[in-house]
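Step one of this worksheet: look at the structure below.
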Amino acid sequence: MLRTHTCGDLRADHLDQSVAICGWVDKYRDHGGVVFVDLRDRYGITQVSFKLDNASEIQQQAQELRHEDVIQVTGTVLHRGEGNINPKLDTGEIEVLAKALTILNKSRTPPFEPNGESLPNEELRLQYRFIDLRRRELQENLRLRHQICKATREYFNEQEFLEIETPILGRSTPEGARDYLVPSRVHEGAFYALPQSPQLFKQILMVAGYDRYYQIARCFRDEDLRADRQPEFSQIDIEMAFIELDDMLGIIDGLVAAMVKEVRGEDVTLPLPRYTHAEVMEKYGSDKPDLRFDLPIVEISDLVADSDFGVFKNTVGSGGHVRGLCVKGAADKYSRRILDNDLKGLVGEYGAKGLAYFKVVGGKLESSIAKFFNDEQQTAIVERMQGEDGDLLVYIADNWKVSCAALAALRNFLGKDLELYDPKSMQTCWIVDFPLVTRNEEENRWDAEHHMFCSIHPDDVELMQTDPGKVRAQSYDLVCNGYEAASGSIRIHDPAVQQQVFDLLNIDPEEAERRFGFLLEALRYGAPPHGGIALGLDRWVMLFAGSDNIRDVIAFPKTQRASDLMLGAPNEVDARQLKDLHIKVELPES
RNA sequence: GGGGCCGUAGCUCAAUUGGUUAGAGUACCGGACUGUCGAUCCGGGGGUUGCGGGUUCAAGUCCCGUCGGCCUCGCCA
């Protein structure tokens, strides 16, 4: 071993011991006769001192040290003496007086310092990811990620789950997200697809009798990226047989509690709260509400249907909704310019044509449009909103979908901007009773809300024939701080029911057989009742880390355009390789 | 596919709204210094303002295109 201790180990009880430590030169302070080096590894920072009167040769060597050099130091642990203790370091009470110095590897001048005052731009950080990953924050995040994986494995292992791997090279099923394709050399002109999730395999494992399965699975989706979305990501994938919805939720409640206990040492109150889809859409406009703050949506359509304000009146008249938020004490928080430009622009991104707003003054409304509402209407609105003087009332008048999307976005903005919650807190809940299908008006058909293997709520079987849009699915999402943190369902295990759903989705038996024949075939050979769920690992690490960017919790993430700046991927390949694969590249003319 | 923000020294930023030789901090190089911990002090080198056009007497600044990064709508069963 090149070292006896790490840079985070040494304390006052190691005094006078002879030690060897290794690490990167984080900082150096050359005083001529004495040189101080802050030596860093992932465990911490320890100060090393090199003195002229102690060993002139290594003191001179030490003067040559620069940022990010990798060195080994042997020496003696000394107390720094009163007045020289550095309270900012865990090891701040001691230092290592160097007796020997080995430069294990001289570093080029780094493009940035991992613990510098300001963070360089993301492009540079991704290009030099090996330096960025030396930053304390990223090292903490990856440790957190490990802890969560560890807690997950321990939790499932204790309960007789089997960790089973499923293939990365699979079959393309042109459903949902775009697939990443991998050409086959042996099968000319044919392609594998990388899995969007192990969904079909895990259901087949249930048919095969492995009734408790889990896997930390890598998934791939060739869609556009977001701050919380990468083209390849990891999910904690679970499937169980002989269970019902409540069992599944209970198991995952336990997992969440185990993760929180492992990471934060806190106890979570179980069961986690459950809300129905209809409930949260009405109250928060979103199926993934941020429950760290309240700020509910309130509908006033009935109160303004007869008002003189055309926008409200016409919206209600044509079946739309007038809904809004009462922002406590915020009447003077936002200028007219911000309301009319920034906030209107924000809701505009979600299709809202405008944003109406009032201040509550003396129990009445005040704004440029207040004159369109009579005293009675104004009083009724203030009362419905539970408004008090100094509150800001904001409204969206639009169809249900737009009003939900716009108000949800507005609510999230206000929650963050007005600091309505503790950013470190976590509020987790279940959303249940999703609709089985949603209407796709453009294509004039029903689309699966979750996926087409999702079973039907037992109370709604009759509705399949009469009113499919009202049928609830046995599906469930776990939502944390406004993120979809897990999603799953009880599956269909009866081929006849599966056909019923295919019929509704307008997928004829032949097409179904062609696309999912292997699953349908499996269901015919003794499929047990089963269900499952998948938790987005990256998002959970993000949530625990308090970060709002998924790149901060992935060791080697990709950019917004899905490239790896360190590797230079994706890249063009040799003509030879393409020839082997019978692939001809034809670029669009520019 | 659409919208928005950004790109100036190795890095983080500035440049009085189009006007002299593009500055500062830090990093880097040289020197001084035996108790610092954002060390300090003295000196030095470092720029095709992402790239390509255009407007203008004059462009880091304005216009068009392009490349790259970030955010976002659509998309993500």
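These numbers come from the heavy atoms of this one structure, side chains and all, not from hydrogens, waters or symmetry mates. Reminder, nothing fancy here: chain letters follow the sequence lines and each chain counts from 1.
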Inset, instruction - Check the surroundings of atom CZ in A/R42: do more than 12 heavy atoms from other residues, nucleotides or ligands lie under 6.0 Å from it? - result: no

Legend entry - Base-pairing mate for B/A39 - Watson-Crick or G-U, with both contacts under 3.5 Å: none

Inset, instruction - Tell me which nucleotide among B/C70, B/U72, B/C28 gets nearest to the side chain of A/R66. - result: B/C28

Legend entry - Given RNA chain B, 5'-ward residue of the pair A/L200 and A/A227, judged by closest heavy atom: A/A227

Legend entry - Distance-only side-chain donor-acceptor flag, A/D179 / A/S172, under 3.5 Å: yes

Inset, instruction - May I ask you to say what A/E349 touches in the nucleic acid, namely base, sugar-phosphate or nothing, with a heavy-atom cut-off under 4.0 Å? - result: sugar-phosphate

Inset, instruction - With heavy atoms under 4.0 Å as the rule, sort A/R551 into base, sugar-phosphate or nothing. - result: sugar-phosphate

Inset, instruction - State whether a side-chain donor-acceptor pair under 3.5 Å links A/R229 with A/Q560. - result: no

Inset, instruction - Find the partner of B/U26: check Watson-Crick (N1-N3 plus N6-O4 or O6-N4) and G-U wobble (N1-O2, O6-N3) distances, both under 3.5 Å, and reply none if neither fits. - result: B/G10

Legend entry - Pair assignment for B/C76, Watson-Crick or G-U wobble, requiring both distances under 3.5 Å: none

Inset, instruction - Return the 5'-most residue of the pair A/H67, A/F36 with respect to RNA chain B, ranking by each residue's nearest nucleotide. - result: A/H67

Inset, instruction - For B/C5, give its Watson-Crick or G-U wobble partner with both distances under 3.5 Å, or none. - result: B/G69

Inset, instruction - With heavy atoms under 4.0 Å as the rule, sort A/L89 into base, sugar-phosphate or nothing. - result: nothing

Legend entry - Nucleic acid contacts - residues 25-34 of chain A versus RNA chain B, non-hydrogen atoms under 4.0 Å: A/K27, A/Y28, A/R29, A/D30, A/H31, A/G32, A/G33, A/V34

Inset, instruction - Step by step, work out the side chain to side chain donor-acceptor pair (under 3.5 Å) result for A/S547 and A/D552. - result: CA-CA 7 Å; A/S547 167; A/D552 289 344; 3.2 Å; yes

Tell me which donor-acceptor pairs under 3.5 Å the side chains of residues 477-487 of chain A have, and how far apart each pair is, sequence neighbours excluded?
{"residue": "A/D477", "atom": "OD1", "partner": "A/S487", "partner atom": "OG", "Å": "2.7"}
{"residue": "A/N481", "atom": "OD1", "partner": "A/Q427", "partner atom": "N", "Å": "2.8"}
{"residue": "A/N481", "atom": "ND2", "partner": "A/S425", "partner atom": "O", "Å": "3.1"}
{"residue": "A/S487", "atom": "OG", "partner": "A/H450", "partner atom": "ND1", "Å": "3.4"}

Inset, instruction - Provide, to the nearest angstrom, the distance between the CG atom belonging to A/N86 and the C1' atom belonging to B/A39. - result: 12 Å

Inset, instruction - Scan A/D222 against the nucleic acid and name what it touches under 4.0 Å (heavy atoms): base, sugar-phosphate only, or nothing. - result: nothing

Inset, instruction - Tell me which nucleotide among B/U72, B/C76, B/C37 gets nearest to the side chain of A/R229. - result: B/C76

Inset, instruction - Using a heavy-atom cut-off of under 4.0 Å over every strand shown, decide if A/E113 touches base, sugar-phosphate, or nothing. - result: sugar-phosphate

Inset, instruction - Have a look at A/R561 and say if it touches a base, only the backbone sugar-phosphate, or nothing, with a 4.0 Å heavy-atom cut-off. - result: sugar-phosphate

Legend entry - Pi-cation contact, A/W400 with A/R323 (under 6.0 Å, within 45°): yes

Inset, instruction - Among B/C70, B/C11, B/C37, find the nucleotide with the atom closest to the side chain of A/L126. - result: B/C70

Inset, instruction - May I ask you to say what A/R221 touches in the nucleic acid, namely base, sugar-phosphate or nothing, with a heavy-atom cut-off under 4.0 Å? - result: sugar-phosphate

